[in-house]
S.K.: 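So that we are looking at the same thing, I have put the structure below in structure tokens.
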Amino acid sequence: MAGTPTLAVVLDGLSTAGLATGCRHGVPWYVAHLGSHLVAALSEPERPLSDGLAEALERVAALHPECDLGNPGTPSTTVAILRHRYDALDHLVLADSPIVLDGPQGHSLITDLRVDDVLPELRAEVERHETHTEGHREALQRLVLAQRRIRNTADGYWVAASGPDAAEHALTGTTPLGEVRAASVMSDGVSRLVTEYGMATWSEVFATLRAGGPQELIETVRQVEATDPTGRRWPRYKSGDDASVAFCEW
């Protein structure tokens, strides 16, 4: 996660499932450098978010040319960006880290779920197993291998990885600031409290954020997940996914 007084960026690195990536640095290194380069690339408020993302992707790739950047498992991440620009809010989402806008007319969920449209049989196979079992690990590796073959292709879905082309496939838009009271930029490890677990509404999420901030919201997610540690009630890839939240109010 990265940000400035006018910019919030949440990145959620994709799991390698223990498979080779062709990169000696690893996903955390990649995510940290992409975040800092995104903030630098978007220092000009008029610059389109997708242009800034493309530049940041190119600059991070240039940091490790010795790695196999053509490997389909090269470190990659989701991207969610919210920018306050004068009397408007610009957004960009690439993959499933959402942005939620809280306004007088209710809540608007902005997300990119193209990954859910591919490989349904392999995802269902993972969900048949409890987490922390050999069957779950093997099924997850089969899913990740298959995802890598269609990642950042016309037949698959798009994430931030080693090439700038993915930025062209991000979902972008602008919302008048007057229509928004608050916003939350988060990883899907947090949004699933509403979207997958059904254990809160967006109104309750924003009430928690106003009362206790992001840390209290993340603790709420962990408390819910602790009631189902092996994923029997809510099948998932891991007991608790990475959780990041940026909360903004106007």
Side-chain angles (χ1 to χ4, degrees), residues 1 3 8-18 27-28 31 77-80 82 91 93-103 106-117 119-120 122-137 139-141 143-144 147 157 159 181-249:
M1 189 165 65
V9 178
V10 168
L11 308 176
D12 186 12
L14 272 63
S15 171
T16 66
V27 174
V31 168
T77 183
T78 69
V79 181
L82 186 68
H91 69 258
V93 292
L94 186 63
D96 57 3
S97 289
I99 298 171
V100 186
L101 305 179
D102 172 33
H107 299 92
S108 299
L109 175 65
I110 304 167
T111 190
D112 172 10
L113 298 178
R114 283 173 285 187
V115 66
D116 291 347
D117 296 332
L119 307 172
L122 288 177
R123 286 191 288 109
E125 182 184 352
V126 176
E127 294 174 353
R128 281 196 289 270
H129 298 277
E130 293 186 5
T131 57
H132 307 298
T133 64
E134 186 66 17
H136 184 275
R137 185 187 67 81
L140 182 59
Q141 287 190 337
L143 172 62
V144 171
Q147 286 177 330
Y157 63 103
V159 297
R181 297 177 300 203
S184 181
V185 187
M186 61 184 73
S187 64
D188 70 332
V190 179
S191 63
R192 65 184 55 207
L193 180 68
V194 176
T195 59
E196 295 183 35
Y197 302 158
M199 297 300 289
T201 64
W202 289 120
S203 293
E204 290 168 338
V205 164
F206 277 90
T208 299
L209 286 168
R210 288 186 173 97
Q215 187 58 43
E216 183 171 330
L217 179 59
I218 292 171
E219 289 174 358
T220 300
V221 174
R222 297 303 186 221
Q223 290 167 5
V224 168
E225 290 172 336
T227 67
D228 180 41
T230 62
R232 299 186 70 178
R233 181 177 181 183
W234 300 298
R236 51 197 189 271
Y237 298 158
K238 57 180 75 171
S239 295
D241 204 355
D242 295 341
S244 299
V245 186
F247 178 50
C248 314
E249 281 191 291

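Here the structure is a predicted model, which is why all the values come from computation and not from measurement.
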S.K.: Considering only NZ, NE, NH1 and NH2 on the basic side and carboxylate oxygens on the acidic side, decide whether R137 and E134 come within less than 4.0 Å.
M.R.: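 Yes, R137 and E134 are salt-bridged.
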S.K.: Can you tell if the side chain of Y197 reaches within under 4.5 Å of the side chain of R233, non-hydrogen atoms only?
M.R.: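 No, side chains not in contact.
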S.K.: Can you check salt bridge (charged side-chain N to carboxylate O under 4.0 Å, His left out) on R222 and E219, steps first, answer last?
M.R.: CA-CA 5 Å; R222 297 303 186 221; E219 289 174 358; over 6 Å; no
S.K.: Hey, what do you get for OG (S203) to NE2 (H107), rounding to the nearest 0.5 Å?
M.R.: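 Those atoms lie 4.0 Å apart.
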S.K.: Measure the CG-CD1 distance between L193 and I218 for me, rounded to the nearest 0.5 Å.
M.R.: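 Rounded to the nearest 0.5 Å, the CG-CD1 separation comes out at 11.5 Å.
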S.K.: Using 0.5 Å steps for rounding, measure from the OG1 atom of T111 to the CD1 atom of I99.
M.R.: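 The OG1 atom of T111 sits 9.0 Å away from the CD1 atom of I99.
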S.K.: Which heavy atom in V100 sits nearest to a heavy atom in M186, and how many Å separate them?
M.R.: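 Here V100 and M186 meet closest at CG2-CE, 4.3 Å.
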S.K.: To the nearest 0.5 Å, what is the distance between OG1 on T208 and CZ on F247?
M.R.: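 Reported value, rounded in 0.5 Å steps: 10.0 Å.
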S.K.: Considering non-hydrogen atoms only, spot the tightest contact between V115 and R123 and give its length.
M.R.: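 In terms of heavy atoms, the two residues are closest at O-NE, 4.2 Å.
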S.K.: Measuring only between side-chain heavy atoms, which start at C-beta, is V205 closer than 4.5 Å to L217?
M.R.: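 Answer yes - side chains close enough.
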S.K.: Return the CG to NZ distance between L140 and K238, rounded to the nearest 0.5 Å.
M.R.: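 Going from the CG atom of L140 to the NZ atom of K238 covers 8.5 Å.
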S.K.: Show, in sequence, the C-alpha distance, side-chain angles and deciding distance for L94 and D112, and conclude whether the side chain to side chain contact (heavy atoms under 4.5 Å, CB included) test is met.
M.R.: CA-CA 6 Å; L94 186 63; D112 172 10; 4.3 Å; yes
S.K.: Which heavy atom of D96 sits nearest a heavy atom of T78, and at what distance?
M.R.: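 That would be OD1-CG2, 3.4 Å.
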S.K.: In a check of salt bridge (charged side-chain N to carboxylate O under 4.0 Å, His left out) between R236 and each of D228, D188, D241, which one passes?
M.R.: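 Answer after filtering D228, D188, D241: D228.
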S.K.: Search all heavy atoms of S97 against all heavy atoms of A80 and return the closest pair with its distance.
M.R.: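 Closest pair (atom of S97, atom of A80, distance): O-CB, 3.4 Å.
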S.K.: Pair W234, T227 - check side chain to side chain contact (heavy atoms under 4.5 Å, CB included), show working.
M.R.: CA-CA 10 Å; W234 300 298; T227 67; 3.8 Å; yes
S.K.: With a 4.5 Å cut-off on side-chain heavy atoms, are Y157 and D117 touching?
M.R.: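 Counting from C-beta outward, D117 and Y157 never come under 4.5 Å.
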S.K.: Tell me if a side-chain donor or acceptor on E216 pairs with a main-chain N or O of G213 at a distance below 3.5 Å.
M.R.: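 It does not hold such a pair.
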S.K.: Of the non-hydrogen atoms in S187 and D242, which two are nearest, and what is the gap between them?
M.R.: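 Taking every non-hydrogen atom into account, OG-O, 3.0 Å.
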S.K.: Would you give the length of the straight line joining atom CD of Q141 to atom NE2 of H136, rounded to the nearest 0.5 angstrom?
M.R.: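 That separation rounds to 11.5 Å.
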S.K.: Locate the shortest heavy-atom distance separating P229 from H132; write the atom from each residue and the value.
M.R.: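 So the minimum-distance heavy-atom pair works out to O-CD2, 4.2 Å.
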